[in-house]
Amino acid sequence: MKQEKRKRQSNRGYQERVHTESSQLNNGNNMEHFRIIPKQEEAPFGKQSASSEHSQQKKTSQQSQRSDQNQVQRSGQSNARKTQKKQARPNQKKNTQKNNTQKNNSKKNSAKKNNRNTTIQKKSNIQKKSGQKRKEPKQQSVQRTPKQERIYFEYTLVFVVIFLVMFGLLMLYTASLYTTDFFVKQCVISLLGVAGLFIASFVDYHLYAKKPMIILIAAAAIIVVLLVKTPLGMELNGATRWIKIGPVSFQPAELFKIAVILVNAMLINRFSRRMSDWRILSMFAAMAILEFLYIYLVTENLSSAIIVAMITMLMVFVAYPGYKLFLALGAAGAGLAALVIYYVLNAGADGGFRSGRIIAWLAPERLADQKLVFQTNQALYAIGSGGLWGKGLGAGKQKMHLPEAMNDTIFAIICEELGMVGASLVLIMFAILLYRIMFIAQNSKDLLGGMVATGIFAHFMLQVILNVGVVTNLLPSTGVTLPFISYGGSALVLLMAEIGVALNISRQIDFEGPQLVKRKVKK
């Protein structure tokens with residue numbers, strides 16, 4: 001019994017010592033919790049019990065140290081996180097404040113703009129009701145009033161036409177030898193042409209496209225051409241191509257050319273979306289053939305018939321979306337012309353008047369003694385004798401031998417008296433004229449104006465090419481005058497009227513020019 005009591009007392013003392021040591025360790029390290037040591041089996045009394053107690057004490061001390069280190073590390077990490085959060089909080093507050101201020105500023109600006117727009121709209125509505133003009137801010141751009149808007153006018157075209165007319169009067173005076181009757185008549189006709197140009201430039205070209213007007217123009221042109229076969233017809237140089245009513249005589253083919261331009265422009269404007277249809281193309285081809293035959297059979301004027309048909313073909317070529325068809329037609333026409341020339345050269349001069357002109361063009365040595373070659377040879381003599389600078393105004397001698405020196409062959413007189421320099425100047429002026437007409441056609445307000453300007457362009461181009469080509473023997477001889485320079489009454493007046501129509505088209509061009517005027521305001 002005594003031994004058991006001793007064992008119990010020893011165990012109790014051991015537990016009390018362990019408890020006190022653990023409490024001291026925890027209190028020394030400022031820890032709030034303590035470790036609970038489970039009960040151990042009763043150790044035998046003696047040495048074994050003392051060693052076990054010592055080993056247990058070591059283990060407990062090591063575990064307590066490890067726990068202390070872990071807690072220190074955890075507390076350090078938590079402290080670092082707290083410091084990071086404290087540092088990040090003021091930055092986040094600053095960023096949130098900046099974003100809030102930016103949002104507030106944008107809201108204020110949008111509200112101000114909306115308020116300004118609403119006030120401006122209210123003022124404009126009030127001013128519209130009251131009939132007053134809206135006052136714009138000084139620093140902003142100010143729109144032009146309708147009176148201040150720029151109205152386009154083709155000054156270049158007017159200058160070129162006036163130059164060519166005045167130059168034609170000068171050359172007519174030198175080519176008319178010792179009489180001034182032709183010069184005086186041409187001056188009067190030029191004044192009438194200027195009046196026609198001025199009137200046509202203020203008449204809206206859309207008026208010509210209305211059905212009653214276009215029918216009236218076409219019918220008048222057809223009837224006037226038929227008057228050549230009546231007693232009103234006048235024969236000149238073996239051809240009846242003019243109509244004489246009292247002291248006035250004119251060539252009806254010139255009026256027919258204008259009618260063809262207007263009718264074709266109206267039809268192309270109407271069938272603009274169906275120009276690739278073979279039925280529309282066949283209609284225009286039939287029109288070209290009928291126009292050619294009508295002019296040739298009634299007036300026997302081949303050059304005018306060719307010009308009328310070519311005007312129609314060129315206008316259709318511009319309106320047609322492709323070009324392969326016209327290349328094929330051009331190749332076919334060139335082949336047909338080659339066959340005709342081959343036949344005429346083999347047949348000789350016995351083929352008639354037309355074949356004689358072709359022979360005089362290609363082989364003038366075969367007809368050196370005939371009148372068909374005389375005009376061509378004299379024109380070439382005049383061009384060759386002029387040289388570079390010419391003989392001077394009025395010093396030419398070939399005008400005494402040239403037939404129709406004031407009409408068809410006046411370009412040869414220009415080359416003789418002014419040389420290649422003067423002839424080049426005339427050709428440059430015609431090139432500028434054609435360029436400005438094409439510029440009007442490209443920038444016209446609508447398709448109708450563009451096609452009318454295209455027809456005028458084709459008319460002037462064909463006449464210049466045919467006249468210069470005949471004088472220089474590049475083309476067979478035809479009776480085509482040089483625009484604005486050759487002597488003629490009806491031709492000059494109608495050509496000036498065509499220029500007036502082109503000017504009316506140019507006056508309605510809408511340019512996207514500077515419509516705002518910036519005004520600087522001093523602070």
Side-chain angles (χ1 to χ4, degrees), residues 204-222 225 253 255-298 302 304-340 434 437-463 465 498 501-502 504-505 508-510:
D204 190 4
Y205 66 91
H206 294 93
L207 179 65
Y208 306 125
K210 293 182 179 180
K211 287 184 179 180
M213 192 68 181
I214 202 70
I215 292 170
L216 180 63
I217 292 171
I222 293 170
V225 172
L255 181 62
F256 192 83
K257 293 173 187 177
I258 297 176
V260 166
I261 292 169
L262 296 176
V263 171
N264 288 332
M266 187 269 292
L267 292 175
I268 291 170
N269 186 34
R270 183 177 179 181
F271 299 107
S272 59
R273 297 183 180 179
R274 298 171 57 192
M275 289 303 296
S276 58
D277 191 356
W278 65 272
R279 290 173 291 184
I280 303 299
L281 291 175
S282 61
M283 180 188 72
F284 281 105
M287 285 178 59
I289 293 169
L290 290 174
E291 291 162 0
F292 175 83
L293 293 175
Y294 182 72
I295 294 295
Y296 179 70
L297 294 175
V298 175
L302 181 62
S304 296
I306 292 172
I307 290 172
V308 167
M310 289 299 296
I311 287 171
T312 303
M313 297 304 293
L314 287 173
M315 291 178 71
V316 175
F317 171 73
V318 173
Y320 185 71
Y323 60 90
K324 294 181 180 179
L325 176 63
F326 287 89
L327 288 177
L329 291 174
L336 182 62
L339 290 175
V340 171
L434 295 173
I437 296 173
M438 182 53 67
F439 176 80
I440 294 169
Q442 290 177 347
N443 296 280
S444 61
K445 185 179 180 180
D446 50 13
L447 181 61
L448 178 65
M451 295 314 301
V452 172
T454 302
I456 296 169
F457 170 84
H459 184 195
F460 280 96
M461 181 187 69
L462 290 170
Q463 289 215 180
I465 290 173
E498 289 184 20
V501 175
N504 182 260
I505 297 168
Q508 301 185 36
I509 293 174
D510 294 330

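Source: prediction; values computed, not measured. Position 1 is the first residue of the sequence; numbering continues from there.
Heavy-atom neighbours of F317 CZ from other residues, nucleotides or ligands within 6.0 Å: at or below the threshold of 12.
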Side chains of residues 280-288: which donor-acceptor pairs under 3.5 Å do they make with residues two or more places apart or in other chains?
unit_1	atom_1	unit_2	atom_2	d
S282	OG	W278	O	3.0
S282	OG	R279	O	2.7

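In this structure, Y205 has no ring pair (Phe, Tyr, Trp, His ring centres under 6.0 Å) partners at least two apart in sequence or on a different chain. The side chain to side chain contact (heavy atoms under 4.5 Å, CB included) check on Q442 picks up M438, with sequence neighbours excluded. In this structure, R273 has no salt bridge (Lys or Arg N to Asp or Glu O under 4.0 Å) partners at least two apart in sequence or on a different chain. Evaluation of the side chain to side chain contact (heavy atoms under 4.5 Å, CB included) rule for A453 yields I440, A441, I505 as partners, not counting sequence neighbours. Residues satisfying the side chain to side chain contact (heavy atoms under 4.5 Å, CB included) test with P321, not counting sequence neighbours, are M275, S276. With sequence neighbours left out, the side chain to side chain contact (heavy atoms under 4.5 Å, CB included) criterion links L434 to F457, F460, M461.
Heavy atoms only, all atoms of each residue included: A209 and M266 are closest at O-CG, 3.7 Å. Minimum interatomic distance between S272 and L447 (heavy atoms only, all atoms of both residues): CB-CD2, 3.3 Å. Nearest heavy atoms, A319 versus I268: CB-CG2, 3.5 Å. A pairwise comparison of heavy atoms in F292 and A309 identifies CB-CB, 4.1 Å as the closest pair. Listed here is the closest heavy atom pair of S444 and D446: OG-O, 2.9 Å.
Between the side chains of Q508 and D204, a donor-acceptor pair is found at a separation under 3.5 Å.
Looking at L462 and I311, their side chains come closer than 4.5 Å, going by heavy atoms from C-beta outward. With a 4.5 Å cut-off on side-chain heavy atoms, M451 and N269 do not count as touching.
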**Study point:** Evaluation steps, side chain to side chain contact (heavy atoms under 4.5 Å, CB included), between Y208 and L216
**Key:** CA-CA 10 Å; Y208 306 125; L216 180 63; over 6 Å; no
Check your understanding: Do H206 and L448 pass the side chain to side chain contact (heavy atoms under 4.5 Å, CB included) test, and can you show the C-alpha distance, the side-chain angles, and the key distance before you say yes or no?
Key -> CA-CA 8 Å; H206 294 93; L448 178 65; 4.0 Å; yes
Check your understanding: Hey, mind stepping through Y296 and I306 against side chain to side chain contact (heavy atoms under 4.5 Å, CB included) and telling me if it holds?
Key -> CA-CA 9 Å; Y296 179 70; I306 292 172; over 6 Å; no
Check your understanding: Is there a side chain to side chain contact (heavy atoms under 4.5 Å, CB included) between V318 and L314 once you walk through the steps?
Key -> CA-CA 6 Å; V318 173; L314 287 173; 5.7 Å; no
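Annotation: side chain to side chain donor-acceptor pair (under 3.5 Å) contacts involving residues 305-333, sequence neighbours excluded, comprise N264-T312, E291-T312. Sorted by first and then second residue, the salt bridge (Lys or Arg N to Asp or Glu O under 4.0 Å) pairs with a member in residues 257-266 read E254-K257; sequence neighbours excluded.
The distance from the CG atom of L267 to the CG atom of L262 is 11.0 Å, given to the nearest 0.5 Å.
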